[in-house]
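Written below as structure tokens is the structure these notes are about.
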Amino acid sequence: MTPLLQQQQLGDWHSETNIGGQAGSKPALFPLTDLLLDDLHLSFPCSEDTLKVLKRNGIREATFRLCESMHSRRLLDNTNQYPFVHLEGARPAHLFGELITINLRFMMQPHDDDALNGIYDKFLYTFLQDAQTRKHMDRIMTSKNHAFFHLAAFPEYPVEMRLSRDQSSSNLFIMTISCYNDVALIKVETSLLARSQDFVVDSEEITDKGIHLHDAHWELLNASTNLEQRYRSNKNDPEFWKALKETVGHLKKLHDGLVIGPIWF
């Protein structure tokens, strides 16, 4: 799977093509920089069976069954796509850990109550609908303020999203994201942060602590890219778990006191 972020300095990489396709013509060179791929573009709905388990038994039971099923399919695979799966034994060593939950807080531009209620009802849908069909969105959204889906790179780890309102302020919306895979969770968050920048009215004063959303976003993207590469190469490497803790540290730094906004819909 292509890493979420492939960031290069201007001139480090270039693409080459022939103008007009004529043999012997001089190739055109142009730099590629700050190429961002949105993992939510590659998200997809849960199957009907998985949704039933999620609603009846919760995300832990659904994740356990999906991980067991995926591991069994890898054990039976004869295409050599998973050459080291048999070293994991009958069950993978890292089936899943603890449920990880993060909260993103969004401060809405002041509206009257009726307008704010309408925005609240479509807020989660608006963030998730990009590059999705209406049919997929109908399956992803279990209600106006609740969703389940998978990332293409982590099909055995369903992601749950909920939207709520802060009791202290009707203008403050809280987006809660939960998953049993840390890397998948971080990739969802980085995509949501990127999408939120399209709605921020004034990005120069994100919080009273002076945290700039753009800088925090790129910092987290760099950390998540390094983390995904380690995850793909060796899940059992102690250095991977060290990198994971560092990335979680970035998350804590990002979330402490951070309110994204004001948001205008």
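Proximity of Thr63 to Pro158: side-chain heavy atoms (C-beta onward) are separated by under 4.5 Å at one or more points. The shortest side-chain heavy-atom distance between Ile59 and Tyr180 falls under the 4.5 Å cut-off. The shortest side-chain heavy-atom distance between Leu185 and Ile177 falls under the 4.5 Å cut-off. Looking only at side-chain heavy atoms (C-beta outward), Phe106 and Leu172 stay at 4.5 Å or farther from each other. In this structure, Leu116 and Ser170 have side chains that are in contact, with non-hydrogen atoms separated by less than 4.5 Å. With a 4.5 Å cut-off on side-chain heavy atoms, Arg162 and Asn145 do not count as touching.
Closest non-hydrogen pair, Ser191 versus Asp38, comes out as OG-OD1, 2.9 Å. For Ser178 against Leu99, the heavy-atom pair with the smallest separation is CB-CD1, 4.0 Å. A pairwise comparison of heavy atoms in Tyr120 and Leu163 identifies OH-O, 3.0 Å as the closest pair. Contact record, Leu151 with Ser43: CD2-CB, 4.2 Å, taken as the closest heavy-atom pair. Closest non-hydrogen pair, Phe154 versus Val183, comes out as CZ-CG1, 3.7 Å. Considering all non-hydrogen atoms of both residues, Leu51 and Arg139 come closest at CD1-O, 4.1 Å.
Not counting sequence neighbours, Asp49 has no partner by the salt bridge (charged side-chain N to carboxylate O under 4.0 Å, His left out) test. With sequence neighbours excluded, no residue satisfies salt bridge (charged side-chain N to carboxylate O under 4.0 Å, His left out) with Arg56. Checked against ring-ring contact (aromatic ring centres under 6.0 Å, His included), His146 has the following partners two or more places apart in sequence or in another chain: Phe148. For Arg165, there are no salt bridge (charged side-chain N to carboxylate O under 4.0 Å, His left out) partners two or more places apart in sequence or in a different chain. For Lys144, the salt bridge (charged side-chain N to carboxylate O under 4.0 Å, His left out) partners two or more places apart in sequence, or in a different chain, are Asp121.
Here the side chain of Thr50 pairs no donor or acceptor atom with the backbone of Cys46 at under 3.5 angstrom. Judged purely by atom type and a 3.5 angstrom limit, Ser196 uses its side chain to pair as donor or acceptor with the backbone of Leu193.
Checked against a 6.0 Å centroid threshold, the rings of Phe44 and Phe149 do not count as neighbours.
Hydrophobic clustering (ILVMFWY, side-chain heavy atoms < 4.5 Å, transitive): Phe173 and Leu192 are in one cluster.
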Under 3.5 Å donor-acceptor pairs involving side-chain atoms of residues 122-131, not counting sequence neighbours:
{"unit_1": "Thr126", "atom_1": "OG1", "unit_2": "Lys122", "atom_2": "O", "d": "2.7"}
{"unit_1": "Asp130", "atom_1": "OD2", "unit_2": "His41", "atom_2": "NE2", "d": "2.9"}

